[in-house]
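Note that these values count all heavy atoms, side chains included, but never hydrogens, waters or copies made by symmetry.
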Amino acid sequence: MHPVESIISTTMSQLKTIVDVNTIVGDPIYSANNTLVFPVSRVSVGFLCGGGEYETKKTAPKEQGAGQDLPFAGTAISGVTVTPKAFIAVHDGQMKVTPAECGTTLDRLVEMIPTIAKQLGETLKSAKPKKFPSEPEASE
């Protein structure tokens with residue numbers, strides 16, 4: 001195995017231990033009122049690997065077919081960012097998604113639309129139609 005392949009293999013196996021499905025959808029959290037909460041995150045991974053064989057003053061230039069290995073230098077760099085995005089709460093068979101952050105008023109308004117629609121529907125169902133008195137006839 002070439003040294004670069006070894007570096008890539010080692011780095012990727014380490015990344016697999018850091019980032020798994022529990023990083024994206026976290027382990028459930030049980031609250032005191034029997035609500036089950038699942039954290040949801042966005043995971044971003046960056047990876048860079050490189051290397052090469054380099055001649056030094058002490059090594060003679062590589063001749064074809066000579067089979068002389070040159071010194072190898074290589075590295076791998078990786079970074080992982082975990083950003084909380086939302087929480088899924090389950091209570092009494094009802095599921096609610098709560099964003100971890102609301103960037104604007106519009107985000108908050110869009111989030112509230114289902115709740116407002118439900119409350120409006122309940123209000124309209126319970127409201128009794130009002131009867132308006134007949135308009136008085138115009139006298140001449």
Side-chain angles (χ1 to χ4, degrees):
M1 178 182 295
H2 195 275
V4 170
E5 292 172 340
S6 176
I7 291 172
I8 292 172
S9 175
T10 303
T11 305
M12 294 306 287
S13 68
Q14 293 298 318
L15 281 175
K16 285 180 186 177
T17 61
I18 294 171
V19 180
D20 64 358
V21 74
N22 290 333
T23 306
I24 298 168
V25 178
D27 294 328
I29 302 164
Y30 296 95
S31 69
N33 65 350
N34 292 328
T35 300
L36 187 60
V37 179
F38 294 92
V40 179
S41 301
R42 177 177 56 191
V43 177
S44 303
V45 178
F47 177 74
L48 174 68
C49 180
E53 295 176 337
Y54 300 96
E55 291 183 25
T56 65
K57 293 179 182 179
K58 294 181 181 180
T59 58
K62 190 173 185 178
E63 297 176 15
Q64 281 188 325
Q68 178 185 4
D69 288 335
L70 296 173
F72 176 80
T75 189
I77 300 170
S78 61
V80 178
T81 302
V82 179
T83 308
K85 297 308 282 180
F87 297 94
I88 301 172
V90 180
H91 181 70
D92 292 335
Q94 298 288 330
M95 183 176 76
K96 182 178 179 183
V97 177
T98 305
E101 60 183 45
C102 291
T104 64
T105 305
L106 182 60
D107 289 342
R108 182 72 179 135
L109 182 62
V110 169
E111 176 192 332
M112 292 175 60
I113 288 174
T115 306
I116 293 170
K118 182 178 177 181
Q119 290 175 349
L120 183 61
E122 290 172 358
T123 303
L124 292 175
K125 284 181 186 177
S126 65
K128 295 181 182 177
K130 294 183 180 181
K131 295 184 179 180
F132 293 100
S134 318
E135 291 183 16
E137 293 181 20
S139 55
E140 296 179 27

Side chains of I29 and L36, heavy atoms from C-beta outward: is any pair under 4.5 Å? no

Taking the side chain from [X] and the backbone from [Y], do they hold a donor-acceptor pair closer than 3.5 Å?
X: T123; Y: Q119; result: yes
X: T10; Y: S6; result: yes
X: H91; Y: N33; result: yes

To the nearest 0.5 Å, atom SG of C49 lies from atom CD1 of I7 at 5.0 Å

Rounded to the nearest 0.5 Å, the CZ atom of F87 sits from the OG1 atom of T35 at a distance of 14.0 Å

Item to complete: Check the hydrophobic clustering (I, L, V, M, F, W, Y; side-chain heavy atoms under 4.5 Å; chains of links allowed) and say if F38 and Y30 are grouped together.
Response: yes

Margin query: Is there a continuous path of hydrophobic side-chain contacts, each under 4.5 Å between heavy atoms, that joins V43 to I77?
Written below: no

| query | Can you check side-chain contact (heavy atoms from CB on, under 4.5 Å) on V80 and F47, steps first, answer last? | reply | CA-CA 9 Å; V80 178; F47 177 74; over 6 Å; no

Contacts of T81 meeting side-chain contact (heavy atoms from CB on, under 4.5 Å) (sequence neighbours excluded), chain-then-number -> S44, T83

For S41 and P84 the tightest heavy-atom approach is OG-CA, 3.8 Å

With S78 as partner, the option from L48, V45, T11 fulfilling side chain to side chain contact (heavy atoms under 4.5 Å, CB included) is T11

